[in-house]
Amino acid sequence: MAETSIEKTQILQKYLELDQRGRIIAEYVWIDGTGNLRSKGRTLKKKVTSIDQLPEWNFDGSSTNQAPGHDSDIYLKPVAFYPDPFRRGDNIVVLAACYNNDGTPNKFNHRHEAAKLFAAHKDEEIWFGLEQEYTLLDMYDNVYGWPKGGFPAPQGPYYCGVGAGKVYARDLIEAHYRACLYAGLELSGINAEVMPSQWEFQVGPCTGIELGDQLWMARYLLHRVAEEFGIKISFHPKPLKGDWNGAGCHTNVSTKEMRLPGGMKYIEQAIEKLSKRHAEHIKLYGSDNEMRLTGRHETASMTAFSSGVANRGSSIRIPRSVAKEGCGYFEDRRPASNIDPYLVTGIMCETVCGAIDSANMTKEFERESS
Ligand code: ADP
Ligand code: MN
Ligand code: MN
Ligand code: MN
């Protein structure tokens with residue numbers, strides 16, 4: 001058991017069973033100044049049934065790369081809450097968006113702009129399903145379960161693998177799956193990936209801003225569960241050089257029109273629009289993505305846009321079943337595993353639904369570094 005985890009000892013168990021005397025614990029979770037997650041807990045007087053019952057809170061932004069020391073207060077504005085799978089009972093985990101002292105969204109709060117876009121295009125009822133791939137590392141940053149100083153046998157038997165030596169840490173993955181379902185997240189599935197110790201979970205379909213909220217919370221739960229197993233989670237798009245698959249975050253998209261009979265026409269229109277903004281999208285599709293989008297290992301080239309039915313080597317894939325039925329959704333295979341889903345779903349909405357200000361999300365991304 002790792003030093004970082006709460007060990008489920010008999011001693012601890014005694015305290016976990018104590019009555020909370022009607023009070024609940026709310027664990028506030030936020031995105032920090034490096035694109036990672038942070039959280040802290042607080043006691044509330046009674047059970048929470050709606051988001052407006054949750055107080056705003058704050059933290060020391062100078063300790064999270066989010067504010068200078070002389071003006072360090074950053075405000076946490078609750079945007080969603082879920083049952084807490086760790087503390088259970090009426091305890092909750094709260095997703096909060098970060099705002100500066102002057103009311104402007106904090107660096108890495110890309111939710112603010114994305115939410116505006118989704119509100120403006122509410123009638124299109126845009127749905128997203130994201131496939132979050134990730135890699136397990138041990139405490140020394142070696143790929144979890146790999147032979148010390150060596151490599152496992154080449155890729156082939158690991159994708160959706162079954163049996164010892166083919167899959168690693170199924171217990172962790174199973175625990176995370178259950179924790180997400182308990183929290184009420186729309187996890188549509190899980191699978192082992194092509195590289196050993198690489199896994200995927202899918203969130204969705206979710207409408208608009210909810211996808212970003214749920215994906216961030218699913219990532220938080222993954223870090224927390226993995227903490228107990230003494231395993232680190234890497235969202236790097238190419239954790240290992242060489243003949244090993246990278247990690248992506250395929251983004252499946254549909255609007256109401258695409259889902260109805262004859263929807264293929266609208267899917268084709270969307271792909272046409274996407275082809276014209278390839279470079280702008282790529283900017284928002286994760287850092288170090290050039291290491292992954294090589295045109296090999298089931299990826300397309302970073303510099304050229306392509307699309308095709310059932311083609312896993314293209315930028316955009318139309319699933320075979322969608323082509324057959326003439327309606328449904330499409331898959332953007334370009335986003336890397338380390339994306340901010342608010343940026344990716346935001347620009348997708350902007351491009352596909354036609355824009356109010358078509359360079360909104362790209363500007364939004366540039367704000368981060370200023
Ligand atoms: P793949 O074959 O690419 O591995 P997955 O089964 O891993 O596909 O993921 C497919 C994703 O597409 C799921 O997250 C699912 O929720 C999502 N999805 C299914 N239908 C739609 C739809 N109409 N609109 C958006 N996303 C959808
Ligand atoms: Mn998948
Ligand atoms: Mn995958
Ligand atoms: Mn996919």
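Nothing here was measured: the structure is a model prediction, and the numbers come from that model. Counting convention: from 1, in listed order, for ligands and their atoms alike. Along the sequence shown, the residues carry numbers beginning at 1.
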- Message: Test salt bridge (charged side-chain N to carboxylate O under 4.0 Å, His left out) on K276 and E272; report intermediate values, then the result.
- Response: CA-CA 7 Å; K276 299 207 167 90; E272 173 65 20; 2.8 Å; yes
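Ionic pairing of D243 and R296 is present here: one or more N-O contacts between side-chain nitrogen and carboxylate oxygen are shorter than 4.0 angstrom. A salt bridge links D141 to K232: one of the charged nitrogens lies within less than 4.0 Å of a carboxylate oxygen.
Among the heteroatoms counted here (N, O or S) of E331, OE2 is the one nearest to the Mn ion (ligand 4). Within E133, the N/O/S atom positioned nearest the Mn ion (ligand 3) carries the name OE2. Looking at E200 and the Mn ion (ligand 2) together, the shortest N, O or S contact belongs to OE2. Here the N, O or S atom of E193 that is nearest to the Mn ion (ligand 3) is OE2.
Listed here is the closest heavy atom pair of Q20 and I24: NE2-CA, 3.6 Å.
W57 carries K40 over the face of its six-membered ring, with the cationic atom under 6.0 Å from the centre and within 45° of the normal.
In this structure, OE2 of E131 and ND1 of H250 enclose an angle of 110° at the Mn ion (ligand 4), rounded to 10°.
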